[in-house]
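The structure appears right after this line, and notes come after that.
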Amino acid sequence: MKNKSEIITAKIDILQTVYMDYNFTDIEKKWQNYWEDNKTFKTPDDLTNPRKCYVLDMFPYPSGAGLHVGHPEGYTATDIYSRYKRMKGYNVLHPMGWDAFGLPAEQYALQTGTHPSITTKNNCDTFRRQIKELGLSYDWGKEINTTDPHYFKWTQWIFIRLFNTWFDEKLQKGRPISELTIPEEISKSGEKAVSDYIGSKRLAYYENAQVWWCPSCRIVCANEEVLYDGSHEKCGNKVEKKNLKQWMLRIPLYAERLLSGMDQLNWPEGIKDMQRNWIGRSTGAEVDFSVDGLNEKITVFTTRPDTLFGATYMVIAPEYPLTKLITTDENRKAVNDYIKAASLKSDLDRTDLAKEKTGVFTGRYAINPVNHKKIPIWVADYVLTGYGTGAIMAVPAHDTRDFEFAEKFNLPIVCIQDPDVSDPDQKKKIVAGKECWTEDGKYINSSDKSTGIDINGLSKEAGITKITTWLESKSIGKAKINYKLRDWLFSRQRYWGEPFPVIHWEDGEITVLDEKELPLLLPDLEKYLPGETGESPLANATEWLSVTDKSGRKGRRETNTMPQWAGSCWYYLRFIDPSSKHQIFDPAKERYWMPVDLYIGGAEHAVLHLLYSRFWHKVLFDLGIVSTDEPYTRLFNQGMILAFAYENETGAKVSADLVEERNGKFYNTATGTEVRQIVAKMSKSLKNVINPDDVVSKYGADSLRLYEMFMGPLDIIKPWDDKGVKGVFNFLGRTCRFFSNPENIISGEEDWEISKGLHQTIRKVEGDIENLHFNTAISAMMIFLNLAMKKGRVTKDTASVFTRILSPFAPHLGEELWSLLGNGKTLTYEPWPGVNEEFLKESVFEYPVSFNGKVRFKLELPVNMEKEEIIKNVLADERAKKWLGTGSISNIIVVPNRIVNIVIKTNP
RNA sequence: GCCCGGAUGGUGGAAUGGUAGACACGCAGGACUUAAAAUCCUGUGACCAUUGCGGUUGUGCGGGUUCAAGUCCCGCUCCGGGUACCA
């Protein structure tokens, strides 16, 4: 028997467990289990629904560190969008998988002997668990893993297609190699010439390439990975140049298609610009300079052939093929030393404007075709082999870096453009070649009797046209479009990557495997260490390596593996039909789901991944394998999430666990000195890494999701602030307590103000989801909750509507409230509430009345009032008289339902 | 150097050329509590005035367009990211 007070306490306890507490841990577990058991997010098989939406995340590399708070940012955004689209009646494809080849698993294998596949599996398990705990609505039946042979079989299959495709420049289209016409003079020259010709057309080719080699990682680095100081981005050690046989892909052939395809895409303009700049199209001309005393010519690319008369010297890159031939004996040692020194510098280092120009004279001269003048040929490392022809003509009078070089080495400077400057002294200096003039001007000093060309007095456009036509007529030059984009180096000397389905035969022939032989599996190895010479670890797999064909010809498998890009170039296609055994995917499904409607990921992939992926997609499109020309219709880049970090007066970083806050200031607990709070990338060394697991256990997954969306616009860089999580946690707690309390839910007619607020909220949230403005959507829901709490009660219909619009953001709480409202099953497929315009109509508007642009008072008037009436009412107001004072009205602006502005002229 | 972003209270941020600072954090005060936490209520750009009404100023800096500018234009500064002596 209990006494009275005990009974009361017990009652309160029950009430609290029923509706007073926001018990997120139980709620989230319960609904995650429900979704899993009921396969709630299984992708619909019905391909007749015309409304489809393919929502894709950039799939993660499953690192050993587990999920980072940066991951859920994009994942939550796509999840909200997916859940919203389901409620809008769309068939939604929203998958997740693992980009699991890569260096860390291999390095771990080197250290411990653990096979990378084991490490990878463990990491994937951790990632999957963490992602599931966030309540993300992925169809786990569509999970893929790039290291799974069922997956990389098709990566190899695509490689074979790249190998067997050539680009028809006339049609601007990739075509099967069997459709390549061999020119007669080539077929006459024998089998070798024919196969060389075919090889020169394939999109994938094998060639000796000079590459950056990191001796520490024993890996070739892409140019993009070499840092300013010549060190490797990944490990920080110095890299060096090395010649290795490499697989290359001819991506520049698709430059025009990659450029024009972007016009119709709904991508951020900044990202499109970055891709355009990376492709780097420039129009100009190629001009041949003959070399004095040798039967050779050097071709240069220039965007300004009109400045040929100002070309007073020529520069070739140290790696230029003719450098040795051109160099005279007396200059040979200096040139050789220079080439050696240049080979140790990174491109960034070589091309840094702030650095002192270096170069050596070859001892040889070239002939300027416009005036037959002899101009010296220099070698300088600021000219790169990768761009243009690896040789330039220098016009020092009108190019600052050529000018600097010419001044330093005392080379002639000839001004050929009339400078448009008012200062006569400055003009004199420029014309005399003592100062550089980089703007345009009418040509001077630009004619020659011996060649008959004269462009003096012409403007830039006319000059370019005239010179180019003249060069073409003399067959010493031609108009040319040049691209910055280079062939893509597509092989790595690694173990943990897709093996190339390629055999090198003893007679020199290179063949690809037959489709039936795929997948070509990785051999099991005991040693994962690559050779010091640049040999891949696969060279250790002696049994796997050697092959013999039917006629007894011996061959060796390719030992390079594909880069990590390979698997991520086409994964969005496999998600469509991941278990397909005998084809890459079912074409009917591909036609239904493609293109990807929304693709969200980090801006760090703005260029490389997205460009490579678009390139593969276009090849597959040309071959009729996919049905769309572009893979991703709409792209969005989330901004990085940073964290607070601390530094002392000298700028030295202080570990976050050594910092305490007192009265808004921060102190180093070890030294007692004050430190400054800054915002920096999360890193182990700063001890400012936020683990999503900790946030989930403290506040719940819904709070983590909501906070990541509430922090600010999705695309900006923003710092994580633990205090901020409390704000959204409070909101969810209030929501839970308010809507789960039966006393607050009434039947009958809804209060007009609440209805109005509710429909405003539906409209705002809907528009904001479409535009990915999740922060303001959440704020709109907070405003509604504040209103509802002020009013104290809402109808069941209102509760039902609010629960549904909240559910894409906080799905666990959404489901819980939905079931408390008496619904038996998930709200995933419940219809998105419609907006009733009746509630949004206003009868009055509170006009801000301003005088000379400054708002002075407010006046409520009917919305449909005529302008004249409004003016009359405003001027009749006592307060207007005060602000008019003694001034006279010169104008009155009335913007209906917006503002009234009275312009006053002050009387003296 | 060039390209792309960005700069709004103590903090994160809001604002179709039309009331700057929504929403939230933090802070201050109050209620509840033995107390604390939690929760709820009120206030909160700065300056001046204050009994009350209120006034001045304010979106990195300097100009401009406009009846009206955080927003558009021109010129800068600083910060972040990318990066090719790109000929």
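Order of the sequence lines sets the chain letters (A, B, ...), proteins ahead of strands, with each chain counted from 1.
Panel note: side chain A:T389, backbone A:T299; a donor-acceptor pair is recorded below 3.5 Å.
Nearer to the 5' terminus of RNA chain B, by closest-nucleotide assignment, is the contact made by A:S779 (compared with the other of A:S779 and A:G724). Along RNA chain B, the nucleotide closest to A:S850 and the one closest to A:M274 are compared, and the more 5′ of them pairs with A:S850.
In B:G9 the O4'-C1'-N dihedral to the base is within 90° of 0, which defines a syn nucleotide.
Distances were taken from every side-chain heavy atom of A:R856 (C-beta onward) to each of B:U56, B:C67, B:A14; the shortest belongs to B:U56. Of the candidate nucleotides B:A68, B:A15, B:C3, B:A68 has the atom nearest to the side chain of A:N901. Distance from the side chain of A:P713 is smallest for B:G13 among the nucleotides B:G13, B:U57, B:C67. Distance from the side chain of A:I899 is smallest to B:G18 among B:G18, B:C4, B:C40. Nearest nucleotide to the A:I893 side chain, out of B:C23, B:C4, B:C67: B:C67. Of the candidate nucleotides B:A38, B:C23, B:A14, B:A38 has the atom nearest to the side chain of A:K726. Closest to the side chain of A:M782, from the set B:A87, B:A15, B:A24, is B:A24. Here the side chain of A:I783 is nearest to one of B:C4, B:G18, B:C23, namely B:C23. Comparing atom distances between the A:N786 side chain and each of B:A87, B:C23, B:G13 picks out B:C23 as nearest. Listed candidates were B:C41, B:U19, B:G80. Nearest to the side chain of A:I717 is B:G80.
As rounded to whole Å, 13 Å separates atom P of B:C40 from atom CZ of A:F731. Atoms CE (A:M711) and C1' (B:A22) sit 19 Å apart, rounded to a whole Å. Remark: P of B:U57 and CG of A:N852 are 13 Å apart, rounded to the nearest angstrom. When rounded to the nearest whole Å, the span between CD of A:E846 and P of B:U19 equals 13 Å. In this structure, CD1 of A:I464 is placed 11 Å from P of B:A87, rounded to the nearest angstrom. Taking atom NZ of A:K723 as the reference point, atom P of B:C27 lies 7 Å away to the nearest angstrom. A:I716 places its CD1 atom 15 Å from the P atom of B:U11, with the value rounded to the nearest Å. Following rounding to the nearest Å, A:K791 (NZ) and B:C41 (C1') show an atom-to-atom distance of 18 Å.
Checking the phosphate oxygens (OP1, OP2) of B:A68, no side-chain nitrogen or oxygen of A:N891 falls inside 4.0 Å. Between B:U57 and A:K854, a contact under 4.0 Å exists linking OP1 or OP2 to a side-chain N or O. At the phosphate of B:U39, OP1 or OP2 sits under 4.0 Å from a side-chain N or O atom of A:N730.
Comparing B:G26 with B:U83, their C1' atoms sit 40 Å apart, to the nearest whole Å. Annotation: B:C73 and B:G80 have their C1' atoms spaced 25 Å apart (nearest Å). With both ends at atom P, the span from B:A36 to B:G30 equals 12 Å, rounded to whole Å. A gap of 30 Å separates the C1' atoms of B:G12 and B:G62, to the nearest Å. Taking atom C1' on both B:A7 and B:C61, the two are 11 Å apart, rounded to the nearest angstrom. B:C47 sits 10 Å from B:G10 when the P atoms are compared, rounded to a whole Å. Across B:C79 and B:U8, the matching C1' atoms stand 16 Å from one another, rounded to whole Å. For the C1' atoms, the distance linking B:G52 with B:U34 amounts to 41 Å, nearest Å.
Base pairing analysis places B:C47 opposite B:G55; the two distances defining the Watson-Crick or G-U wobble pair are each below 3.5 Å. Pairing partner, B:C78: B:G6, with both Watson-Crick or wobble hydrogen-bond distances short of 3.5 Å. Using the Watson-Crick or G-U wobble rule with both distances under 3.5 Å, B:A68 pairs with nothing in any strand shown. Base pairing of B:A24: its partner is B:U11, meeting the Watson-Crick or G-U wobble criterion (both donor-acceptor distances under 3.5 Å). When both pairing distances are held under 3.5 Å, B:U39 makes a Watson-Crick or G-U pair with B:A31.
Residues A:Y382 and A:D402 have side chains that bring a donor and an acceptor to within less than 3.5 angstrom of each other. A donor and an acceptor atom, one from each side chain of A:S282 and A:N482, are nowhere located under 3.5 Å apart.
A:N482 comes within contact range of no nucleotide atom at all, as no heavy-atom separation falls under 4.0 Å. Using a 4.0 Å heavy-atom distance criterion, A:V895 is classed as a base contact. Residue contacts for A:F710: at a heavy-atom cut-off of 4.0 Å it reaches a base atom on one of the strands shown. Nucleic acid contact for A:K858: base, since at least one base atom lies under 4.0 Å from a heavy atom of the residue. In this structure, A:D402 reaches neither bases nor backbone, as no heavy-atom distance under 4.0 Å exists between it and the strands shown.
Tested against A:Y707 for a ring pair (Phe, Tyr, Trp, His ring centres under 6.0 Å), the candidates A:F774, A:W720, A:F729 yield a single pass: A:W720.
Relative ring orientation between A:W378 and A:F405 is described as perpendicular, the plane-to-plane angle rising above 60° on a 0-90° scale split at 30° and 60°.
In this structure, the separation between CD1 on A:I690 and CG on A:L642 is 11.5 Å, given to the nearest 0.5 Å.
Ion pairing between a basic and an acidic side chain is recognised when a charged N comes within 4.0 Å of a carboxylate O; A:E743 and A:R793 show no such pairing. Between A:R705 and A:E73, none of the side-chain N atoms (NZ, or NE/NH1/NH2) sits under 4.0 Å from a carboxylate O, so this pair counts as no salt bridge. With respect to A:K272 and A:E269, a salt bridge is recorded, a charged nitrogen being found less than 4.0 Å from a carboxylate O.
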